[in-house]
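As structure tokens, the structure follows; a few thoughts come after it.
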Amino acid sequence: MKASALRKAAWSSAKKIRFIPASPSLDGTILAARTAPGIIQKDDIRSGWSASPTYNPHTRLTRRVRGLQNNEVVRALETIVALMEIKDESYYRVLAYQRAAESVGALGRPVREVEDLTTLPHVGGTTAEVIRDLAEDRTPEILAELSGEIPTGLVEVTRLPGVGPRTAGRLWRELDVTSVEEIASLEPGRLSSLKGFGKKSEERILSAAKKYDSHERRMLLDEATALGNRILDFVRSHPATEKAELAGSLRRMKETIGDLDIVAASTDPDSLADAFADAPFADEVLAHGPKKVYIVTNGIEVDLRIVEPEAYGSLLHHFTGGQAHNIVLRERAVKMGINISEYGLAAAGTGEYEPVATEEDLYSRLGLPYIPPELREDAGEIEAGEKGGLPDLIETGDIRGDLHVHTNYSDGKGTIESMAEAAIALGYEYLIFCDHSQSLRVANGLSPDRLKKKMRAVREADEKYGEIHLLCGSEVDILKDGTLDYEDDLLAELDFVVASVHTSFGVGEEAMTRRIVRAMNNPHVRVIGHPTGRILERRDPYAVDVSRLITEAAATDTVLELNSYPDRLDLSVPYVRQAIEAGVKISIDTDAHDEGALSLIKYGVSQARRAWVEKDRVINCMPWNEFEKYLKAGKGPQ
DNA sequence: GCCGTTTTCGGCCCGACTGTTTTCAGTCG
């Protein structure tokens, strides 16, 4: 089996992680991977698992006792994958490790808490043992062996565009190169002296090595959506385009986006492909054929694929992915005697593809109901589809009100009135103003007196607007010891209380967990706001035991927020899914600080969809009369 | 290395483009 095939399977995540160059000891290898700044974020994004804070001796001690967290286990497994690829191990053996990594990444609880790891999809006896070793902070034998044989810096070399495991292996063996830095400093002519390497290859590799940035930023959903739509407009405006859509991870609404994928149906693909390659925004053309064109714009890769209109459904499905979903679906089809490609369906082995025009048709011919893009992650959606057990996913239109918005009383830009009018424009039935509490000075938090004044102002505004119910709440700070930033009798006067952590992030996992749990036990606290405090691409989540928060949320009838701000999306998807399974309710809020931000709700909803959430699990999907009763009833048994 | 609507052994998804070479390996999605 060709090793090249492995790249295809491993591509989805392997290219997206960052690896720390070689380390003298094995423990050093793992340690480097778990503590390097800027690294944890990227893998959090991929795995959705909360990360540890920046390295310090205390956390290291704590974590040595507790073992590696999920994202770290994923990273170690992907390191094994990359090293095995360079070693040219058997394709299916490597694929097994890649799949095991994906299974751990999709897990919504610490892997160390899973009693029987072989219950995870694609995890068998061997990989389970490796995962167990990692989770308990032991170096698995396979990693010890591999990193003893192959310089780990080569893993990063395979991240260079156009350089795969074969090339990385050759550079090491034939030029004694072991890192990206060493490639960048190669004398001109060294690379092109290798058999099969010409001037172009040398130029491409050297230039990539010199420009290499191990902290490459991924786009947030709103940026990716805006850029994607502008480029999509260009594609759609071409006369040869019959239809076109955004595909890839943006269509699946992953929480951050690396590159953009667009599919188009055209009866004149050459002309569309040429126009795209010549587009004014195309800074660089990476590939240009009649069926696909890859360009770079502002540092972002944009891939366009073109097919005949009859095969549009097949192409859209193929290019939407995710890759793991496609592989499992295709394996399943082979068992039914069907081959799937982006051109359609074929009787196995014939190579004669019959085009499929829509995704609904594609799934239907495979005996499955339509699976929404957000679910296509090989996270049980195909099995659920077979059994008729797919969720009836929440939609943005199901949201009846926003429970967490700010005004200019604290750090918002809008007024009570302007925010109310924006909410009315969205068709909301209710809106709750939750400004910051007194101790959060930087956000102009409200003293008790100012809060009371605001309560009166909200009541007056509520009288004024017949179309919407306006309520006064607070986003009250959870102080370091878990007490709240207002006295209970003041909280009792509010219509709604969201409690959040905004300070003292570094107290450690135990203390942070106790702190939030204490807040949950306050009868006035309905919601925990942005429960892990992460800022995507900028700040790791604080250390907290989210599984315990979920258990306590269920016990105290406390709601967990799914914050819709594109740089938060907090809770993250695996946890939301776990919370739902534990019977915990979710609120999807925008945390809007201005009128326009109210429309960010769609990003929160998109993450809820990825977490299989139905609308009856989301408190702000309740119509007003129900929601009013819910508020009056107070929290359930403590 | 994993897995079972054919199976506990023998399978395991599919195609476009590039560079360098004359037939394809490697990379990528």
Side-chain angles (χ1 to χ4, degrees), chain A residues 1-16 77 80-81 84-85 88-100 103 118 120-130 142 158-170 192 194-205 247-249 258-261 263 269 273 285-294 301-307 311 314-315 317-346 348 351 353 367 378 386:
Chain A
M1 178 59 63
K2 291 176 211 161
S4 62
L6 176 65
R7 296 298 308 165
K8 302 163 195 169
W11 127 91
S12 64
S13 49
K15 279 279 173 185
K16 295 185 173 67
L77 288 171
I80 292 172
V81 167
M84 286 171 92
E85 286 183 280
D88 200 15
E89 279 276 8
S90 124
Y91 165 75
Y92 291 106
R93 188 164 176 236
V94 189
L95 180 60
Y97 281 88
Q98 180 63 41
R99 288 178 146 173
S103 289
T118 62
L120 303 184
H122 310 300
V123 175
T126 308
T127 45
E129 205 173 313
V130 172
I142 184 164
T158 66
R159 312 263 185 268
L160 296 173
V163 179
R166 296 250 174 194
T167 307
R170 279 195 66 197
S192 52
L194 298 183
K195 189 172 183 328
F197 284 65
K199 249 190 147 38
K200 280 194 172 177
S201 300
E202 172 166 289
E203 241 177 65
R204 195 192 60 230
I205 293 172
S249 54
D259 54 30
L260 295 173
D261 301 304
V263 299
V285 178
L286 299 174
H288 180 186
K291 293 176 175 171
K292 75 174 201 188
V293 183
Y294 294 174
E301 184 176 330
V302 185
D303 302 345
L304 173 69
R305 286 287 304 262
I306 309 164
V307 284
S314 294
L315 178 69
H317 180 268
H318 168 77
F319 224 26
T320 296
Q323 192 75 350
H325 172 87
N326 284 1
I327 290 176
V328 171
L329 196 69
R330 287 172 180 197
E331 286 175 351
R332 182 178 173 277
V334 166
K335 288 174 190 151
M336 298 166 70
I338 299 170
N339 289 134
I340 306 176
S341 85
E342 58 261 55
Y343 299 108
L345 300 178
Y353 284 92
D378 183 29
E386 283 169 347

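Residue numbering restarts at 1 for every chain, and letters A, B, ... go by the order of the sequence lines.
Within 6.0 Å of the CD atom in Glu203(A), the count of heavy atoms belonging to other residues, nucleotides or ligands does not exceed 12.
If you check every strand for non-hydrogen atoms under 4.0 Å, Lys199(A) touches sugar and phosphate atoms only. Backbone-only contact: Val123(A) has heavy atoms under 4.0 Å from sugar-phosphate atoms and none from a base.
You'll find that the side chain of Thr126(A) is closest to dG1(B), out of dC13(B), dG19(B), dG1(B). Listed candidates were dC14(B), dG26(B), dC13(B). Nearest to the side chain of Asn339(A) is dC14(B). Across dG1(B), dT7(B), dG26(B), the shortest atom-to-atom separation from the side chain of Arg166(A) is found for dG26(B). Checking dA16(B), dG29(B), dC13(B) against the side-chain heavy atoms of Lys292(A) singles out dA16(B) as nearest. For Tyr353(A), the side-chain atoms get nearest to dC14(B) when compared with the rest of dG1(B), dC14(B), dT27(B). Comparing atom distances between the His288(A) side chain and each of dT18(B), dG1(B), dG15(B) picks out dT18(B) as nearest. Of the candidates dG29(B), dC2(B), dT7(B), dC2(B) carries the atom nearest the Ala96(A) side chain, counting heavy atoms from C-beta on.
Remark: the separation of the C1' atoms in dT20(B) and dA25(B) is 10 Å, to the nearest Å. One P atom belongs to dT6(B), the other to dC12(B), and the distance between them is 13 Å to the nearest Å. A distance of about 15 Å separates the C1' atoms of dT5(B) and dG11(B), rounded to the whole Å. Taking the P atoms as reference points, dG10(B) lies 27 Å from dG15(B), given to the whole Å. Spacing of C1' atoms, dC14(B) relative to dC9(B), comes out at 25 Å, to the nearest Å. Using P as the reference atom, dT27(B) and dT21(B) are 16 Å apart when rounded to the nearest Å. The C1' atoms of dT8(B) and dG4(B) are separated by 8 Å, rounded to the nearest whole Å.
With a 3.5 Å ceiling on both atom-pair distances, dT8(B) lacks any Watson-Crick or G-U wobble partner.
Regarding contacts with the backbone of dA16(B), a side-chain N or O of Lys291(A) is found under 4.0 angstrom from either OP1 or OP2. Phosphate contact (OP1/OP2 of dG19(B), side-chain N/O of Lys200(A), threshold under 4.0 Å): present.
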Find every protein N or O atom lying less than 3.5 Å from an N or O atom of nucleotides 10-12 of chain B, and list the pairs.
residue: dC12(B); atom: O3'; partner: Glu331(A); partner atom: OE2; Å: 3.4

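The backbone N or O of His318(A) sits less than 3.5 Å from a side-chain atom of Asn326(A), completing a donor-acceptor pair.
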In a table with atom names and distances, give each donor-acceptor pair under 3.5 Å that connects a side chain of residues 334-346 of chain A to protein atoms at least two apart or in another chain.
residue: Asn339(A); atom: OD1; partner: Gly349(A); partner atom: N; Å: 2.9
residue: Ser341(A); atom: OG; partner: Tyr343(A); partner atom: N; Å: 2.9
residue: Glu342(A); atom: OE2; partner: Arg305(A); partner atom: NH2; Å: 2.7

